[in-house]
Amino acid sequence: MELLDLDARRRATSVYLADRVVPMLPEALSNDVCSLRAGEDRRAFTADLYLDAGARLVGAEIYPSLIRSRARLDYGSAQAVIEADRAEAPAPSSAADIAPEVSERIVTLAAIGRRRAALREERGGVDFDTVEAKVRLAGDGTPLEVTLRRKTEATSLIEEAMLLANEAVARSMDEAGFPSLYRVHEAPAADALAELVPLLQEFSAYRDLDVSAFVAGSPFVLQDVLDASKGRAEEELVTSLLLRSMKRAVYRPECQPHYGLASAAYTHFTSPIRRYPDLVVHRMLKARLFGRSGDFDQQRSALAWIAEHSSTMERTAEAAARESQEMKLCELLESEVGRQFDGVISGVATYGAFVRLACTAEGLLPVRCLGDEYFALDTVRRSLTGADSGRTFRLGQRVRVVLTAVDARRRRLDFRLARQER
């Protein structure tokens, strides 16, 4: 068991690549013994959360338990139940096998999730509506198509439940003054936000922006900016820029605020089979509830190292997952060379502009393909401007491009402007 734990600690997290999962724990544990299976008893740690009529937390009980899952659901079926209830129509075939009492609970949880999200926004939480690309593969790893995933009420209700449980556990450990790990997110740096002001003020929706509050990192002003961008041409650009200005969340052995969630105490508790910090939190909880074991002092002394190591391994795993998806996206686009695409300029440099396609793939539009003139880079307004024509290519601008080359191994796409863009 000690060797198993040391290996899990070294990995620190499961890695989700486009064509496989590299689990933190052996598959016999992560996919079977420690995984929920409908109709089978499993050991768990339960957080009973008590909410008032406004979905505010009024109490919590946290304890080891046995759990028997009654149904195995997917997000699509759960979303179908929610939408059918809203439309007061029969559930579609995708949700027909869900028992009525389970459907009723899904609808209730969705309502609680909406209220919890609203409460988080009221206290200053910053919520980014992002798009995730998932490449579907054939059995031999050949990419077949790309699916774009957005947040739904079904995914949100699970997310809000996990956020609530994580906050309750963090608050419980902090108030008890017991050693633990916490998830910490610092406010964005003022200079990172200040760099965005000239760019935002070029759009009419942000000309009345409270610059001082924005630069100071007021979460309410940042949320106002995100809300103002919804449905506008620059929505994706604004979301991307604000995301890039955020600092990364990290693990620490001290309880400090989580800026993005507007939470005074937050931890990771809900995924102990795929994240090592969650496993550590479970152990600290057990030590607090049932007494310290012989190796407790050793576990406590390792908290700082585990926090730093887990933060590093999380970044490594995320980079690997992103690069594997990018590689498969490039493989999917190899057969599309010569085809025209609509895209958005996502970055500029002296050597050209980066263009992001609707499928989230990003490639380079070399400066030589912009025109037969010198293009000057404006680092403040994030634009390239032709010295003779005055023609400008700027961040967030929509362009139509032709895919000219694909190098999947290097995850590189090359574009040129379509004729009507010249």
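Throughout, numbering of the chain's residues begins at 1 and tracks the sequence.
Note that OH of Tyr182 is 10.0 Å distant from CG of Leu303, once rounded to the nearest 0.5 Å. Once rounded to the nearest 0.5 Å, the distance linking CD1 of Ile106 with CG of Leu157 reads 7.5 Å. Of the inter-residue distances, the one linking Thr147 atom OG1 with Arg136 atom CZ reads 7.0 Å to the nearest 0.5 angstrom.
Pairing each heavy atom of Ala78 with each of Ala154, the nearest pair is CB-CB, 4.0 Å. Between Ala249 and Glu314, the shortest heavy-atom contact is O-OE1, 3.9 Å. Minimum interatomic distance between Lys328 and Ala18 (heavy atoms only, all atoms of both residues): CG-CB, 3.7 Å. Of all heavy-atom pairs spanning Arg232 and Ser204, the tightest one is NH2-OG, 3.3 Å. Between Met313 and Arg10, the shortest heavy-atom distance links the atoms CE-O, 3.8 Å.
Under 3.5 Å, the side chains of Ser35 and Asp32 contain no donor-acceptor pair of N or O atoms. No side-chain donor from either of Thr46 and Asp48 sits under 3.5 Å from a side-chain acceptor of the other. With no hydrogens or angles considered, no side-chain donor-acceptor pair links Arg207 and Gln201 at under 3.5 Å. A donor-acceptor contact under 3.5 angstrom links the side chains of Arg9 and Tyr276, judged on distance only. Remark: the Thr392 side chain and the Ser383 side chain contain no N/O donor-acceptor pair separated by less than 3.5 Å.
Taking 4.5 Å as the limit, every side-chain heavy atom of Leu137 sits out of range of all side-chain heavy atoms of Leu144. Leu222 has its side chain out of reach of Phe128: every pair of non-hydrogen atoms, C-beta onward, lies at least 4.5 Å apart. Annotation: side chain of Tyr206 is in contact with side chain of Ser229 (closest heavy-atom distance under 4.5 Å). Between Val250 and His185 the shortest side-chain heavy-atom distance does not fall below 4.5 Å. In this structure, the side chains of Leu241 and Thr239 stay at 4.5 Å or more apart for every pair of heavy atoms. In this structure, the side chains of Leu226 and Asp224 stay at 4.5 Å or more apart for every pair of heavy atoms. Counting heavy atoms from C-beta outward, Thr13 and Ser310 have side chains that stay 4.5 Å or more apart.
The existence of a salt bridge linking Arg394 and Glu202 is confirmed by a sub-4.0 Å separation between a basic side-chain nitrogen and an acidic carboxylate oxygen. Looking at Glu234 and Arg398, no side-chain N of the basic residue comes within less than 4.0 Å of a carboxylate O on the acidic one, giving no salt bridge. Between Glu195 and Arg244 there is no salt bridge, since no side-chain nitrogen of the basic residue lies less than 4.0 Å from a carboxylate oxygen of the acidic one. With respect to the salt-bridge test (charged N to carboxylate O, under 4.0 angstrom), the residues Glu186 and Arg248 do not qualify. For the pair Arg283 and Asp5, the salt-bridge criterion is met [side-chain N within less than 4.0 Å of a carboxylate O]. The residues Asp174 and Arg171 are annotated as not salt-bridged, no charged nitrogen and carboxylate oxygen being separated by less than 4.0 angstrom. We find that Arg42 and Glu40 are joined by a salt bridge, their nearest charged nitrogen and carboxylate oxygen being less than 4.0 Å apart. Ion pairing between Arg150 and Asp129 holds under the 4.0 Å rule for side-chain N and carboxylate O. One finds no salt bridge joining Glu334 and Arg339 here, because no Lys/Arg side-chain nitrogen approaches an Asp/Glu carboxylate oxygen to under 4.0 Å. Look at Arg116 and Glu160 and you find no salt bridge, because none of the NZ, NE, NH1 or NH2 atoms lies under 4.0 Å from a carboxylate O. Salt bridge status for Glu318 with Arg315: absent, with no side-chain N to carboxylate O gap under 4.0 Å. Salt-bridge annotation for Arg382 and Asp378: absent, with no side-chain N of the basic residue lying under 4.0 Å from a carboxylate O of the acidic one.
Considering only residues two or more places apart in sequence or on other chains, Phe415 meets the ring pair (Phe, Tyr, Trp, His ring centres under 6.0 Å) condition with none of them. The side chain to side chain contact (heavy atoms under 4.5 Å, CB included) test applied to Arg115 returns Ala55, Arg56, Ala118, Leu119, Glu122, not counting sequence neighbours.
The aromatic ring centres of Tyr251 and His268 sit less than 6.0 Å apart.
A side-chain contact (heavy atoms from CB on, under 4.5 Å) with Asp414 is found for one member of Leu403, Asp407, Thr404, Val406 and no other, namely Thr404. For the side-chain hydrogen bond (donor to acceptor under 3.5 Å, both in side chains) with Ser346, the lone residue among Arg356, Glu236, Glu362 that qualifies is Glu362.
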(request) Mind running side-chain contact (heavy atoms from CB on, under 4.5 Å) on Ile345 and Phe393 for me, showing each step along the way? (result) CA-CA 8 Å; Ile345 294 179; Phe393 294 89; 3.8 Å; yes

(request) Please assess Arg252 against Glu308 for the test salt bridge (Lys or Arg N to Asp or Glu O under 4.0 Å), listing each intermediate value before the final yes or no. (result) CA-CA 7 Å; Arg252 286 183 184 160; Glu308 183 177 357; over 6 Å; no

(request) Show the numbers, then the answer: is there a side-chain contact (heavy atoms from CB on, under 4.5 Å) between Phe214 and Val211? (result) CA-CA 5 Å; Phe214 179 80; Val211 174; 5.6 Å; no

